[in-house]
Amino acid sequence: MKPLVFHPIYSQLNLPVRHRFPIQKYQGIYDALLKKGVSSAAFSQPKAVTEQQLAEVFCPQYVRALCHGQLDEKAMRRIGFPWSSQLIQRSLTAVGGTCQTAHLAAEHGIALNLTGGYHHGFRDFGSGFCLFNDLYFAAQQMLKRIAVDRVMVIDCDVHQGDGTAKLAENDARIFTLSVHCERNFPHRKQQSDVDIGLEKGTTDAEYLETLEQALILAFRQCAPDFVIYDAGVDVHEDDDLGLLNVSTQGVYERDKLVLDWCQREGIPVACVIGGGYQRDIGALVNVHLQLFRAAGVVA
Ligand SMILES: [Zn+2]
């Protein structure tokens, strides 16, 4: 049984009508997995990380101001959510979820979080629906383990993993690979260890071929003993914010490529679902489910 991490709070956030963030998708994935026969025993519920833990990794003033609703309006606009205590509790639990997923992956070879991928979170500001960078935070937690000296973050969300790249730029123990759409948010890119910026409209064959080359390149430069995989599905052809043309089958093959790669190399992998912004929640959930198919959680 592959360990899965979920908390109902992932979808518990009241947003203004017509806000574009599909907050219901997390609960939707959970419900769909149960419906497909996944045992509820496969799931564990994460604990929220504390403000103190975050302040050890990110800028303490930023962490404090955001947690207590004291960030100015401009900084909140950059994040893209109105401030609420619900938003903070949800975000702290999401970061806790990615950490728990990483620890479970270290024990079981793979584990999957039903949220995560807040890769536009920087040390002292948030951006693009990301408050705290769970990928970087979890990488730091894993590096405290005796068996982990190098972590690779493989980020296949359609948007560049700019926050992760910047946070990890001076840390040789964290290797960042981002495969994204070049002409898409964020417009000012940061430098990952390996960046692949794809053209708008890229389709399956080219997408998968490029990803494979990127993996070859990354693993030639870094021999990680732990991988964190951001399986964002905003690469999908029907996504509202992505500009690529990857099909549902293409998403499945991408996830299979990454997960099989890690398995072949014998490297534990913690997966997060990442971005995905179709307004049709049912259709969006189906694309996110490809990760769980590729991991062998569901058929
Ligand atoms: Zn994205």
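Numbering of ligands and ligand atoms starts at 1, following listing order.
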Pairs flagged by ring pair (Phe, Tyr, Trp, His ring centres under 6.0 Å) wherever residues 183-227 is involved - sequence neighbours left out: His120-Phe185, Phe219-Trp261
Is Lys166 positioned over the aromatic face of Tyr136, cation under 6.0 angstrom from the ring centre and no more than 45 degrees off axis? no
The atom of Asp234 among N, O or S that is nearest the Zn ion (ligand 1) is OD2
Identity of the N, O or S atom of Asp157 lying closest to the Zn ion (ligand 1): OD1
His119 backbone or side-chain N/O/S under 2.8 Å from the Zn ion (ligand 1): no
Side-chain heavy-atom pair Arg150, Ile174 within 4.5 angstrom cut-off: no
Determine which pairs satisfy salt bridge (charged side-chain N to carboxylate O under 4.0 Å, His left out) with at least one residue from residues 78-88, sequence neighbours left out, and list them in order. none
Which atom name would you report as the N, O or S atom of His159 nearest the Zn ion (ligand 1)? ND1
